[in-house]
Amino acid sequence: MNIAIIGSGNVGSALASGLHKAGHTVSFGVRNPASAKSEKAATLVTGVGFSTVREACAGADVIILTTPPEAVLALVPELGDVKKKVLIDATNSIRTRPEPYATAFHALKAITQSEKVVKCFNSTGFENMANPVYPGFSGIDMFCAGNDAESKKVAQQLAADIGFGSCWDFGGDDKVELLEKFALSWINLAIMQGHGRNLAFRVVKR
Ligand SMILES: NC(=O)c1ccc[n+]([C@@H]2O[C@H](COP(=O)([O-])OP(=O)(O)OC[C@H]3O[C@@H](n4cnc5c(N)ncnc54)[C@H](OP(=O)(O)O)[C@@H]3O)[C@@H](O)[C@H]2O)c1
């Protein structure tokens, strides 16, 4: 697939690297290719070029947003016509949010009027996105949410492509805020409770 990753920081770099290695055509859409984060991404990620947000999105089937959540308000006009593209929101509105919306997902749906918006790649640390494999497990789990079943299938396929185990369907639009709270649960354990960022969630069933 042709994938535009908006933002070239921790999450953007981890996803770009994994998706490129999985055989996708990936480009970063950035506001400043000379920023410290873009320069670091250029050293970490090979095979992924940088362009403006508008250029990266023009040829993309999938757009993944990896910026601070409030940035989406200014970014939407740059994304172009997104109605036929899958828009994946990897942001978390924990410290800031795109006022007056609860999350970037809600802002994207309301402003673009697209149904093909899905929340994914928000529920674990970027280190786990760069390497989802833990000793003894084939891959940790990822989670996605949103009303559009086809968009969730695309997100689930991309999660599998970069090495996640299952990508659980967390539910519809009504579960997006819960999925952000789930991300906060990871942050709580990893950072606030001091267990470190090398921990991950995996669902077990019997
Ligand atoms: N860090 C994690 O482990 C993690 C895990 C899950 C989800 N998340 C979520 O993912 C998002 C990104 O986190 P991160 O750690 O990757 O952040 P980061 O390293 O600070 O990178 C943020 C990127 O967004 C870009 N950006 C910021 N404001 C922008 C704007 N107004 N327009 C265009 N681009 C803009 C930055 O561009 P410049 O280079 O120009 O500054 C940078 O490339 C956040 O919403 C976070 O909540 C983070």
Side-chain angles (χ1 to χ4, degrees), residues 4-19 26-45 48-57 60 63-80 87-99 101-108 111 117-132 140-145 155 158-159 162 164 167 170 176-192 195-201:
I5 308 241
I6 312 307
S8 56
N10 296 317
V11 174
S13 296
L15 294 178
S17 179
L19 291 167
V26 185
S27 49
F28 283 117
V30 296
R31 60 181 174 177
N32 177 13
S35 79
K37 282 170 189 166
S38 291
E39 286 189 351
K40 186 177 173 195
T43 64
L44 289 175
V45 188
V48 177
F50 291 79
S51 55
T52 64
V53 173
R54 193 173 287 275
E55 284 164 351
C57 292
I63 301 169
I64 309 181
L65 283 133
T66 72
T67 63
E70 69 279 12
V72 303
L73 295 174
L75 278 169
V76 165
E78 306 297 312
L79 305 180
L87 213 43
I88 300 180
D89 170 27
T91 74
N92 282 313
S93 293
I94 288 169
R95 287 197 204 93
T96 56
R97 65 186 187 126
E99 301 282 357
Y101 303 100
T103 72
F105 177 97
H106 293 86
L108 289 167
I111 302 169
V117 186
V118 55
K119 170 73 75 182
C120 193
F121 302 118
N122 71 305
S123 57
T124 196
F126 69 90
E127 300 90 339
N128 287 330
M129 299 187 218
N131 178 13
I140 58 169
D141 287 343
M142 183 39 70
F143 303 85
C144 62
L158 297 182
I162 63 174
F164 281 95
C167 180
F170 222 65
V176 165
E177 286 180 82
L178 184 62
L179 189 47
E180 292 208 1
K181 291 279 189 292
F182 190 54
L184 187 53
S185 303
W186 183 89
I187 293 167
N188 176 51
L189 278 176
I191 299 164
M192 298 172 197
H195 294 288
R197 298 179 64 93
N198 280 308
L199 71 82
F201 295 132

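For this chain, numbers begin at 1 and follow the sequence in order. Read the numbers this way: they start at 1 and go in the same order the structure lists the ligands and their atoms.
With P69, G9, P33, G29 as candidates, the residue nearest to atom 21 (O) of ligand 1 on a non-hydrogen basis is G9. Nearest residue to atom 26 (N) of ligand 1 from G7, A74, P68 is P68 (criterion: closest heavy atom). For the residues E180, R31, E78, the heavy atom positioned nearest atom 41 (O) of ligand 1 is part of R31.
Considering only non-hydrogen protein atoms, atom 42 (C) of ligand 1 sits nearest to K37 CD, 3.8 Å. Ranking protein heavy atoms by distance to atom 43 (O) of ligand 1, first place goes to S8 N, 2.8 Å. Annotation: atom 1 (N) of ligand 1 to nearest protein heavy atom, F126 CD2, 3.7 Å. Of the protein's non-hydrogen atoms, the one nearest atom 16 (O) of ligand 1 is V11 N, 2.8 Å. In terms of protein heavy atoms, atom 47 (O) of ligand 1 is closest to N92 N, 3.3 Å. Scanning the protein for heavy atoms near atom 15 (O) of ligand 1, the closest one is N10 ND2, 3.1 Å. The nearest heavy-atom contact from the protein to atom 34 (N) of ligand 1 is T67 CG2, 3.7 Å. Summary of contacts: the protein heavy atom closest to atom 10 (O) of ligand 1 is A90 O, 3.5 Å.
The aromatic ring centroids of F182 and F170 lie less than 6.0 Å from each other.
The backbone N or O of T124 sits nowhere less than 3.5 Å from a side-chain atom of R197 that would complete a donor-acceptor pair. Judged purely by atom type and a 3.5 angstrom limit, T91 has no side-chain atom pairing as donor or acceptor with the backbone of P68. Remark: the backbone N or O of A14 is not paired with any side-chain donor or acceptor of S17 at under 3.5 angstrom. In terms of modelled atom types and a separation under 3.5 Å, the side chain of D89 and the main chain of K119 share no donor-acceptor contact. Panel note: side chain E127, backbone N198; no donor-acceptor pair is recorded below 3.5 Å. Looking only at distances, no side-chain donor or acceptor of E39 sits under 3.5 Å from a matching main-chain atom of A36. Not a single donor-acceptor pair under 3.5 Å links the side chain of S38 to the backbone N or O of A34. One N or O on the side chain of N128 and one on the backbone of L199 form a donor-acceptor pair closer than 3.5 Å.
Close N/O approach between F121 and ligand 1 is not found [any backbone or side-chain N/O within under 3.5 Å]. Residue S35 has at least one N or O atom closer than 3.5 Å to an N or O atom of ligand 1. At under 3.5 Å, not a single nitrogen or oxygen of S38, backbone or side chain, sits near a nitrogen or oxygen of ligand 1.
At a 4.0 Å cut-off, at least one heavy atom of R197 sits close enough to ligand 1 to count as contact. Within the 4.0 Å heavy-atom shell around ligand 1 one finds N122. Judged by the shortest distance from any of its heavy atoms, I6 lies outside the 4.0 Å radius around the atoms of ligand 1.
Contacts with ligand 1 closer than 4.0 Å are made by no heavy atom of A36, backbone or side chain. Contacts between T66 and ligand 1, counted as non-hydrogen atom pairs separated by less than 4.0 Å, involve the backbone only. Residue-level proximity to ligand 1 for M129 is carried by the side chain, the only part with a heavy atom below 4.0 angstrom.
Within the listing of ligand 1, atoms 3 (O) sit less than 4.0 angstrom from a heavy atom of G125. Proximity to T124 (heavy-atom distance under 4.0 Å) selects the following atoms of ligand 1: 5 (C), 6 (C).
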